[in-house]
There are 2 protein chains.
Amino acid sequence: MTRRPTLKHIAERVGVTASTVSLALRDDARISTTMRERVRQVALEVGYIYNRHAAGLRRGDSGTVALCLNDLGNPFFTEFIAAMEQRFRDQERMMLFCHAQESLTVQADFMRRMAEHGASGLILIPAAGTTGEDLPGAEASHLRHLPLVLLSRDIDGVEVDRVINDDARGMAMVVEHLLSLGHRRIAWLGGGNKTSTARDREQAFRTMLTRAGYPPDQNGICHGPTTMAFGHQGLEALMAQPRPPTAVVCFSDLIAFGAVAACHGLGLRPGVDISIAGFDDMNAAAYTTPPLTSVRVRTDLMGARASEMLLARIRGDQEAPRREMMTPELVVRETTGPVSSRDRD
Amino acid sequence: MTRRPTLKHIAERVGVTASTVSLALRDDARISTTMRERVRQVALEVGYIYNRHAAGLRRGDSGTVALCLNDLGNPFFTEFIAAMEQRFRDQERMMLFCHAQESLTVQADFMRRMAEHGASGLILIPAAGTTGEDLPGAEASHLRHLPLVLLSRDIDGVEVDRVINDDARGMAMVVEHLLSLGHRRIAWLGGGNKTSTARDREQAFRTMLTRAGYPPDQNGICHGPTTMAFGHQGLEALMAQPRPPTAVVCFSDLIAFGAVAACHGLGLRPGVDISIAGFDDMNAAAYTTPPLTSVRVRTDLMGARASEMLLARIRGDQEAPRREMMTPELVVRETTGPVSSRDRD
DNA sequence: CGGATTGGTTCAATCGATTGAATTGCGTTT
DNA sequence: AAACGCAATTCAATCGATTGAACCAATCCG
């Protein structure tokens, strides 16, 4: 098991210097076509493997871009990936990603590691509870030169590029839709206040209902993790109340899936006996029984835009950080319907 | 914007050499505690960032482990990740992953890149259509020294470690279950022959039915991509036949989700008018309406085992490659039930 | 024919951390 | 006082690729 071949080995075989080989392999115009061919040939023969550490050390950049996600258990987040991968691949950049599982420590480790590794930039869907202090942009941080774009979840008080969904608008559409169907007792099933999405959506939910004159009941606000399991038990809890809601708005589709599933056991027909709305409109939303009413978040556009913004920063764009909002749209399917006559107030 | 600080800068400040700083930061026993403290302190002050390229160049190993997935659109595959991350984090190894989207090119690029990067090892859920030629183990490949473990999908004719589910056994359980419920016209909804899982499951399906004396009808075999959309339209197609099946076995849960959803539109009650079985038992399987009968694949155990095998290889284990099979279990929920009397042959 | 041009290649310094061997300093032993 | 042991630090070579400048030879032009 011999040592892995280097430029020098190739150079010796061909009878030139390592410089020539380096230039040849990288298609430098200074090298003649014949030489290039010979070098290529020999490189193949000896099984040459480019050494990124050596190159990275010399050049200072590794040509990679990092993505940090925090909840792979929610397929919604994986939907962002496709659009981004495409963009970076076009730029011959590799995207390396990390699943931090909502752990600030893991997230910080990853960011540090990527800085050490000379990553060109970072797209971050921040872990719940992330503050400005935790970001590369923070003065105290050693990472301040790492270009950064926040995706999907916003963070207050930092000057960074970000691409987020207009959650307030999306939630307004949901509430208006339900009100127009005659619902008045509308409950909330969703996350706490650890992410901007959870905060913004719930805030909008409360504001809209209050403004319409039907402020949400304290018992109608049910907090819990963003999982199907929570959606399931949450709906059961809501419906066990003496005066159950006629409609339930879920923070996310994942929760709504659980809620819709719970109806089966309770003998309720979603869209008839109870209205349920989700948020995100992930792929699976069209495949619940019956299909879920939700708010389409344009993960494709958001991912693409985040990539572009990051690439611009990497190229050295010096403009002030931008905060871009994507407009969502309401997708009415079958889990929402008119309030049944016997439920009407 | 000054250049980022190096060991040398710290050394100058402290009044020692770079060697001392290096040893101090890495907690080498040779360095006194006081010095270690001083170095640490200064490193923090100047905002030192460890340079992985330099270290990697010198040491030849980057301490990272790579994972290549091919279908993030299917949450089943993300279920493997959690168990693996844990294991590697315990070993202070970072896991970098790639979503190759079933593209052999992207997969190959990633593997090459990881070899160039000096990754310690690779766990691969191979892209559909991957052959032994595409793997680091292949003689022709330049990657032959990269420790490799195959996960979930098997590949013929290569000597590599692998951890796979016993698909034949799982499928046998499904078919027996349906036969025992009285089903005789059982259809297949699933992928082609590009992955071992697709082949093995379909093969077992056919064998079991043939052995029982009810070989599947040619019209009862419906091939397509592993998506909910295919499951949806596939079920509609099957039920549109003059003599529709009384039960449908799906290659995977994702397809089954689509199939179950299609029932709603067709006015069929899964588990009553038609039996549907999935495979994988992903989290969402318990939340369809009604809950899906499926085969539990132990992604947690498989992920853990694959990590352990890879770590053993990295440590230099010289034993012959092993092929480990995990035993699945049937999870009967409500989408399967006795064949209805009017359908009985 | 001399000088300039061009194309092709080599020179040599450089990136920053690592590590086995060598060195220094200091107290202890004989 | 010489010899020794030990701890703490430094020396110096090394990893492999990159790249601006220098070099050389052949060709071209006035």
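In what follows, chains are A, B, ... by sequence order, proteins preceding strands, each numbered from 1. Just so it is clear, the model here is predicted, and its values are computed rather than measured. Note: hydrogens, waters and symmetry copies are ignored here, and every other heavy atom, side chains too, is used.
Among the atoms of the strands shown, base atoms are found under 4.0 Å from some heavy atom of A/Ser19. Backbone-only engagement by A/Arg59 is indicated by non-hydrogen atom pairs under 4.0 Å involving sugar-phosphate atoms exclusively. If you check every strand for non-hydrogen atoms under 4.0 Å, A/Thr20 touches a base. Residue contacts shown for A/Arg52 are absent, as no nucleic acid heavy atom lies under 4.0 Å away. Within 4.0 Å (heavy atoms only), B/Val21 reaches no atom of the nucleic acid at all.
When the side-chain nitrogen and oxygen atoms of A/Thr6 are compared with OP1 and OP2 of D/dG16, none of them lie within a distance under 4.0 Å.
Atom CE in A/Met35 sits roughly 13 Å away from atom C1' in C/dG7 (whole-Å rounding). Atom P of nucleotide D/dA7 and atom CG of B/Asp28 are separated by 13 Å, given to the nearest angstrom. Note: NZ (A/Lys8) to P (D/dT14) measures 9 Å, nearest angstrom. One can place CZ of A/Arg26 at 13 Å from C1' of D/dG16, the figure rounded to the nearest angstrom. The nearest whole Å value for the distance from the CD atom in A/Glu116 to the P atom in C/dG16 is 15 Å. Straight-line distance from the CG atom of A/Asp61 to the C1' atom of D/dA17: 15 Å, rounded to whole Å. Atom-to-atom, CG of B/Leu25 to P of C/dT18 comes out at 8 Å; the value is rounded to the nearest Å. D/dA17 atom P lies 8 Å from atom CD1 of A/Ile10, rounded to whole Å.
Considering only the side chain of A/Leu57, D/dG16 comes nearest among D/dG16, C/dT9, D/dT18. In the set C/dT14, C/dA17, C/dG20, C/dG20 carries the atom at the smallest distance from any side-chain atom of B/Arg30. For B/Leu7, the listed nucleotide lying nearest its side chain is C/dA17; candidates were C/dA17, D/dT9, C/dT19. For B/Arg58, the side-chain atoms get nearest to D/dT14 when compared with the rest of D/dT18, C/dT9, D/dT14. Of the candidates D/dT9, D/dA17, C/dT18, the closest approach to any side-chain atom of A/Ser22 belongs to D/dA17.
Aromatic ring centres of A/His117 and B/His117: separated by under 6.0 Å.
Donor-acceptor pairing under 3.5 Å is lacking for the side chains of B/Asp134 and B/Gln107. Side-chain contact, B/Arg93 with B/Ser120: a donor N or O sits under 3.5 Å from an acceptor N or O.
Note on residues 31-53 of chain B: pairs passing salt bridge (Lys or Arg N to Asp or Glu O under 4.0 Å), not counting sequence neighbours, are A/Glu116-B/Arg52, B/Arg13-B/Glu45, B/Asp27-B/Arg36, B/Asp27-B/Arg40.
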Exercise for review: Evaluate side-chain contact (heavy atoms from CB on, under 4.5 Å) for A/Leu96 paired with A/Val65, printing each intermediate quantity in order.
Suggested key: CA-CA 6 Å; A/Leu96 295 180; A/Val65 153; over 6 Å; no
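Nearest-nucleotide mapping onto DNA chain D: of B/Thr33 and B/Ala54, the residue sitting toward the 5' end is B/Thr33.
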